[in-house]
Amino acid sequence: MDYYLKCIECGADFDKTEIIYTCRKCDGLLDVIYDYDEIKKNMDMEKLKTAPPSVWKYKDLLPIAIEPVSIREGGTPLYKCDRLAKKIGVKELYVKHEGMNPTGSFKDRGMTVGVSKAIELGMKTVACASTGNTSAALAIYGAKAGIPSVVLLPAGKVALGKIGQALMHGAKVIMIKGNFDDALALVRELCEQEPIYLLNSVNPYRLEGQKTIAFEIVDQLGFQVPDRVVLPVGNAGNITAINKGFKEFVTLGITDKRPKMTGIQTEGACPIVKAYRADADDITPEKNPETIATAIRIGDPVNARKALIAIKESGGMAESVTDDELVQAQKDLAQLEGIGVEPASATSVAGLKKLVDAGLISKDETVVCVTTGHLLKDPEEVISVCTEPVTVEANLEALRKAVFE
Ligand SMILES: Cc1ncc(COP(=O)(O)O)c(C=O)c1O
Ligand SMILES: N[C@@H](CCOP(=O)(O)O)C(=O)O
């Protein structure tokens, strides 16, 4: 398949064989550009309409020629959430639960493509900085591919389940005395200097895997497009990737419209929201981001430029929520719909509620909230926000008292 890399800022082109993350001329972010006419000609529409969703179902739209490094990612459920819709006050609400991926987050979609690309390019080691989920996914796909992975984590700020995954799957785990933004700056430098393949979302190939969330949403809605997609934003790759997926389906004539991309951050870490409110083209980095949602504790999102473009061109918006609001949404998802998510994921639902309450989202819209990571990723947060279990003597009287009082 024919494709190349294009700078979103200056339009410079780069060949697909180059090991490159940003534009050599202006340092702008890169996009993967395909020959859509060729794809259209060769696309098996019957298969597209009938095969079950998974990342590699859409391989005609992915930049990998080899047999991919895969552990069956994607194909996550799209739940129709009527009780939650009623509470929030929207007509039709769906939750795309990305916590149901093999490692419990959407990062698997990116890593199956990213690690496959590393192998295709002949790279022998992969690396990333991470607030946790990227590192878990990198470790697992590195293990599956049989190559070493190196992960840099902000010391003391990563949820337990995620560290456990990175360690058990054999990554070299390095704690940085700094925040995620510091770790990302460091790993980018390391990968420029050493033959190590960088697999953060600044790598445009990784985002190609994540765009399959858009394909699956359309697929699971019977080839209908929702009015709006709401999702958490941290390093800002996912909102960009999903927007690209929706655009590609329009380009290919599979759909005829796109949803409004709506990004949610927390009040303690919301550079994209501030830029959106100021109608700015770029963010002002935040030096000390802080939130209970450690996955999106990010002050200098690498994909900010792409995300702001995606929000603007899709007619979407950006909003922030408090930690209390996201914890309430996490409980609503869990207790009204049986969907267990980590704190960052719940910002999508908290943000939707806030925007509906404010009259900024119409109650008539069909909305998809993306929940990006599984509840079990961050057990410590769960314990800290839920009522403590009671301990009783092992007899019926004590049990009755505990149950009925
Ligand atoms: C669970 C979870 N949700 C949301 C995000 C934000 O995604 P993005 O960085 O692509 O904006 C991340 C990571 O950043 C994450 O781990
Ligand atoms: N939440 C992310 C932060 C890194 O984002 P990436 O998309 O650039 O890898 C994580 O899980 O580490």
Side-chain angles (χ1 to χ4, degrees), residues 21 29 96-99 101 103-111 114 126-139 141 151-154 157-159 161-163 165-166 171 173 176 179-181 183-185 187-188 198-207 209-211 213 230-244 261 263-266 269-273 283 289 291-304 306-308 310-311 318 326 330 340-349 351 369-378 381:
Y21 309 106
L29 296 166
K96 178 73 171 156
H97 191 18
E98 287 296 294
N101 273 295
T103 77
S105 91
F106 69 97
K107 305 285 180 172
D108 298 349
R109 294 180 187 269
M111 286 304 175
V126 286
C128 71
S130 183
T131 55
N133 282 326
T134 297
S135 65
L138 185 73
Y141 286 88
V151 307
L152 279 65
L153 307 179
K157 293 290 180 182
V158 178
K162 304 173 187 181
I163 302 179
Q165 289 177 300
V173 178
I176 301 292
N179 62 24
F180 167 79
D181 302 303
L184 181 57
V187 78
R188 286 182 73 174
L198 177 65
L199 275 171
N200 278 103
S201 57
V202 67
N203 182 324
Y205 291 120
R206 218 200 78 194
L207 293 182
Q210 291 170 215
K211 78 184 177 187
I213 294 174
V230 188
L231 73 160
V233 171
N235 219 14
N238 213 28
I239 192 165
T240 309
I242 297 174
N243 186 55
K244 184 170 189 275
M261 300 304 299
I264 312 296
Q265 299 193 294
T266 61
C270 62
I272 302 262
V273 176
I283 56 148
T291 166
I292 194 171
T294 52
I296 51 172
R297 187 173 168 271
I298 296 174
D300 190 8
V302 73
N303 289 295
K306 279 185 174 178
L308 287 165
I311 289 168
L326 79 84
Q330 188 185 24
V341 306
E342 68 164 283
S345 306
T347 59
S348 56
V349 170
C369 284
V370 183
T371 53
T372 42
H374 199 279
L375 173 82
L376 294 175
K377 288 280 190 172
D378 195 349
E381 181 267 349

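Bear in mind that the values here come from a model prediction, so they are computed numbers and not experimental data. Indexing begins at 1, ligand by ligand and atom by atom, following the structure's order.
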**Message:** Hydrogens and angles aside, do N238 and E98 bring a side-chain donor and acceptor to less than 3.5 Å of each other?
**Reply:** no
**Asked** Below 3.5 angstrom, do we get any N/O pair linking R206 and ligand 2?
**Response** yes
**Fill in**
The atoms of ligand 2 lying under 4.0 Å from a heavy atom of F180, numbered in the order shown, are 3 (C), 4 (C)
**Request:** Classify the side-chain pair K157/N179 by whether it contains a donor and acceptor separated by less than 3.5 Å.
**Result:** no
**Asked** Relative to the heavy atoms of T134, which atoms of ligand 2 are at a distance of less than 4.0 Å?
**Response** 2 (C), 4 (C), 5 (O), 6 (P), 9 (O), 10 (C), 11 (O), 12 (O)
**Asked** Side chain, backbone, both or neither: which part of N235 has a heavy atom under 4.0 Å from ligand 1?
**Response** both
**Prompt:** Just heavy atoms, cut-off under 4.0 Å: does T131 contact ligand 2 by side chain, backbone, both, or neither?
**Reply:** both
**Message:** Just to check, does A236 reach to within less than 4.0 Å of ligand 1 when the distance is taken from its heavy atoms?
**Reply:** yes
**Request:** Say whether A295, considering both its backbone and side-chain N or O atoms, lies within less than 3.5 Å of an N or O atom on ligand 2.
**Result:** yes
**Closest to atom 5 (C) of ligand 1 among I242, T372, I296 (heavy-atom distance)** = I296
**Prompt:** Is any side-chain heavy atom of N235 less than 4.5 Å from a side-chain heavy atom of P301?
**Reply:** yes
**Message:** Tell me whether ligand 2 is touched by K162 - counting only heavy atoms on the residue side and a distance under 4.0 Å.
**Reply:** no
**Where ligand 2 meets N133 - atom numbers and elements under 4.0 angstrom, heavy-atom basis** = 10 (C), 11 (O)
**Complete:** Counting from 1 in the order shown, the ligand 2 atoms closer than 4.0 Å to a non-hydrogen atom of I298 are 3 (C)
**Prompt:** Taking atom types as modelled, is there a side-chain donor on S201 or N303 under 3.5 Å from an acceptor on the other?
**Reply:** yes
**Prompt:** Strictly under 4.0 Å, does any heavy atom of C128 approach an atom of ligand 2?
**Reply:** no
**Asked** Should you measure from each heavy atom of S130, which atoms of ligand 2 turn up under 4.0 Å away?
**Response** 10 (C), 11 (O), 12 (O)
**Message:** One residue to check: E342. Relative to ligand 1, which of side chain, backbone, both or neither has a non-hydrogen atom less than 4.0 Å away?
**Reply:** side chain
